[in-house]
A.B. asks: 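Structure provided below as structure tokens; questions to follow.
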There are 2 protein chains.
Amino acid sequence: MNKAKQKSDVFQRSNIPLYIQVASTLRRRIEQGRWKLGDKISSIPELEAEFGVARITIRQAVDNLTSEGLLSAKQGKGTYVTKEPEETRWMTLEIGLSSLLQTIEDNVPKFLKVENPPSPRLGPRGGELADEYVFLRSVQLKNNSPYGLVNVHIAKSVYDMSPEDFKTRTALAVLTELPDIKIGQAHQTLIISAAEMETAHLLKVDVNTSTAEVRCVVRNDQNIAIYIAEIIYRGDCIRFDIELL
Amino acid sequence: MNKAKQKSDVFQRSNIPLYIQVASTLRRRIEQGRWKLGDKISSIPELEAEFGVARITIRQAVDNLTSEGLLSAKQGKGTYVTKEPEETRWMTLEIGLSSLLQTIEDNVPKFLKVENPPSPRLGPRGGELADEYVFLRSVQLKNNSPYGLVNVHIAKSVYDMSPEDFKTRTALAVLTELPDIKIGQAHQTLIISAAEMETAHLLKVDVNTSTAEVRCVVRNDQNIAIYIAEIIYRGDCIRFDIELL
DNA sequence: CTCAATTTGTTCGTATGTATG
DNA sequence: ACATACATACGAACAAATTGA
């Protein structure tokens with residue numbers, strides 16, 4: 001007969017459950033340092049009022065964070081922060097070819113078999129496609145957990161110069177060591193995206209979790225793209241450092 | 001008495017609704033070019049099998065994308081892609097102070113009033129805090145829609161050199177024009193994050209939508225941080241271009 | 001032209017999750 | 001904790017349009 005909900009005007013109606021929105025808002029506040037370890041967070045009535053949602057919704061959010069170990073609620077006292085959120089941004093992306101190589105030098109790629117290799121896509125920057133490419137896919141690991149998925153097209157003529165190396169090591173590292181290769185241009189693009197099914201599975205995250213998609217195109221002195229990489233990083237474990245001067 | 005669902009092993013049980021996960025997976029496939037404009041996508045029974053979800057769930061996802069104009073289903077025939085996804089990444093982030101200034105030069109910031117300014121946080125790179133800061137918050141607009149939220153701490157001694165300018169123009173641009181300021185170091189860090197409530201509201205996106213968080217610290221020749229900015233961009237409208245050579 | 005296979009559209013029943021008051 | 005409503009998701013069956021043999 002009459003409407004039941006429709007309350008929150010703070011959280012717009014995206015159809016993702018309210019209690020999850022509340023939970024991630026609280027989590028962000030802790031990560032940002034607005035509430036620190038040991039602090040008492042706002043009371044449930046306060047949160048009710050601030051977010052404009054029902055009590056149970058707040059409770060459900062708090063319960064979630066409690067089972068993560070982030071919060072601890074005590075009757076008659078309040079709810080306290082019981083854990084420092086971990087810093088997971090240990091993967092630092094670098095500017096410049098040499099420093100980029102340093103960071104990926106001792107990465108151990110785990111190569112995967114590929115059934116239907118996609119055709120290489122060049123970005124808007126152009127360059128020309130080679131006649132034929134070899135496609136490689138690998139997962140980058142750190143402490144046995146995956147943080148990046150690499151899809152690389154290498155010009156076949158280049159690949160054939162040292163196939164054994166390309167099968168076992170990071171392609172970009174091999175590439176720069178080949179004596180007969182002259183690099184004309186090297187360009188990188190980063191966008192923020194979301195993991196689709198297959199990627200999510202390989203990176204062991206949920207579908208639609210945010211990712212950083214890096215496209216790297218290396219061209220030789222004849223402007224032919226000899227290396228086209230698409231690297232998808234877990235959004236939660238990378239950091240980009242840039243000196244501006 | 002008996003369990004009803006529990007089917008999908010493809011989509012892990014994050015509690016965000018299945019049909020949304022399916023919808024965004026399909027959307028990603030179109031964006032990635034796996035299904036192009038005019039293509040017929042997999043049939044509903046195929047998708048059912050691939051994702052391991054019920055028919056209604058697929059339908060709900062397809063309906064969603066249909067009302068976005070991305071898909072169009074025809075009885076007896078199939079479901080077709082009816083729209084090229086738009087390229088929205090028109091905000092290009094730059095490396096290097098001079099090119100950074102160029103891109104933000106004609107941005108029109110809309111300044112906001114702030115009740116309780118947060119205290120400035122320095123990153124791990126260090127430097128020293130000034131005695132006192134002025135806090136400014138502004139929203140960056142393009143075509144009347146917000147794409148970035150800027151929180152800046154400016155050392156009060158610097159702010160006082162040209163308060164009128166700082167109140168109306170982009171702070172970094174003003175800063176570099178001040179004659180008595182010698183910049184020692186300028187450093188930027190980018191991480192991928194998610195919009196919390198207030199940010200989401202100002203940027204007009206849903207809570208928890210992915211964002212790019214850029215921290216920029218400028219120090220003078222005495223290693224004092226005179227400019228500490230935290231800029232939060234909508235994740236879906238920025239692109240980072242880097243020449244590697 | 002008819003038939004069968006394929007594909008989307010619709011509906012019923014049921015169980016569980018989300019959110020309000 | 002309770003009563004209520006609406007949303008999500010499963011399963012199964014059937015209807016309607018399209019296509020090609």
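Keep in mind that this is a model prediction, so the values were computed, not measured.
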A.B. asks: Expressed in angstrom and rounded to an integer, what is the separation of Y80(B) atom OH from dA17(D) atom P?
C.D. replies: 17 Å
A.B. asks: Mind checking side-chain contact (heavy atoms from CB on, under 4.5 Å) for S43(A) and listing every partner two or more places apart, or none if nothing turns up?
C.D. replies: P45(A), E46(A)
A.B. asks: Restricting to side chain to side chain donor-acceptor pair (under 3.5 Å), what partner residues turn up for Q60(B), sequence neighbours left out?
C.D. replies: none
A.B. asks: Between dT8(C) atom P and L47(B) atom CG, what is the distance in whole Å?
C.D. replies: 8 Å
A.B. asks: Only counting residues at least two apart or in another chain, list the ones meeting ring pair (Phe, Tyr, Trp, His ring centres under 6.0 Å) with Y80(A).
C.D. replies: none
A.B. asks: With a 4.0 Å heavy-atom cut-off, tell me which residues in residues 55-65 of chain B come close to DNA chain C, sorted by residue number.
C.D. replies: R55(B), R59(B)
A.B. asks: Could you tell me the Watson-Crick or G-U partner of dC12(C), where both distances fall under 3.5 Å? Say none if there is no partner.
C.D. replies: dG11(D)
A.B. asks: I need the full list of salt bridge (Lys or Arg N to Asp or Glu O under 4.0 Å) pairs touching residues 107-116 of chain B, with sequence neighbours left out, sorted by first then second residue.
C.D. replies: none
A.B. asks: Return the set of residues passing side-chain contact (heavy atoms from CB on, under 4.5 Å) with Q140(A) (not counting sequence neighbours), or none when no residue passes.
C.D. replies: N107(A), P109(A), S138(A), Y147(A), V150(A)
A.B. asks: Using side-chain heavy atoms (C-beta onward) and a distance below 4.5 Å, is R215(B) in contact with H187(B)?
C.D. replies: no
A.B. asks: Write down the distance between OH (Y19(A)) and P (dA7(D)), rounded to a whole number of angstrom.
C.D. replies: 17 Å
A.B. asks: Could you pull out all residues at least two apart from A61(B) that satisfy side-chain contact (heavy atoms from CB on, under 4.5 Å)?
C.D. replies: V22(B), A23(B)
A.B. asks: Enumerate the salt bridge (Lys or Arg N to Asp or Glu O under 4.0 Å) contacts for residues 140-157 of chain A, please, sequence neighbours excluded, ordered by first and then second residue.
C.D. replies: K156(A)-D160(A)
A.B. asks: Take atom CZ of F51(A) and atom C1' of dT20(C), then tell me their distance rounded to the nearest Å.
C.D. replies: 18 Å
A.B. asks: Applying salt bridge (Lys or Arg N to Asp or Glu O under 4.0 Å), which residue pairs with at least one partner in residues 59-72 of chain A are found, sequence neighbours left out?
C.D. replies: R27(A)-E68(A)
A.B. asks: Classify the angle between the aromatic ring planes of F135(B) and H153(B) as parallel (below 30°), tilted (30 to 60°) or perpendicular (above 60°).
C.D. replies: tilted
A.B. asks: Going by heavy atoms closer than 4.0 Å, what residues in residues 34-46 of chain B are next to DNA chain C?
C.D. replies: K40(B), S43(B), I44(B), P45(B)
A.B. asks: Could you tell me how far apart L18(B) (CG) and dT18(C) (P) are, to the nearest whole angstrom?
C.D. replies: 12 Å
A.B. asks: Using a cut-off of strictly less than 4.0 Å between a heavy atom of the residue and any atom of DNA chain D, enumerate the qualifying residues of residues 67-79 of chain A by number.
C.D. replies: none
A.B. asks: In chain order, what residues pass the side-chain contact (heavy atoms from CB on, under 4.5 Å) check against L37(B), with sequence neighbours excluded?
C.D. replies: E84(B)
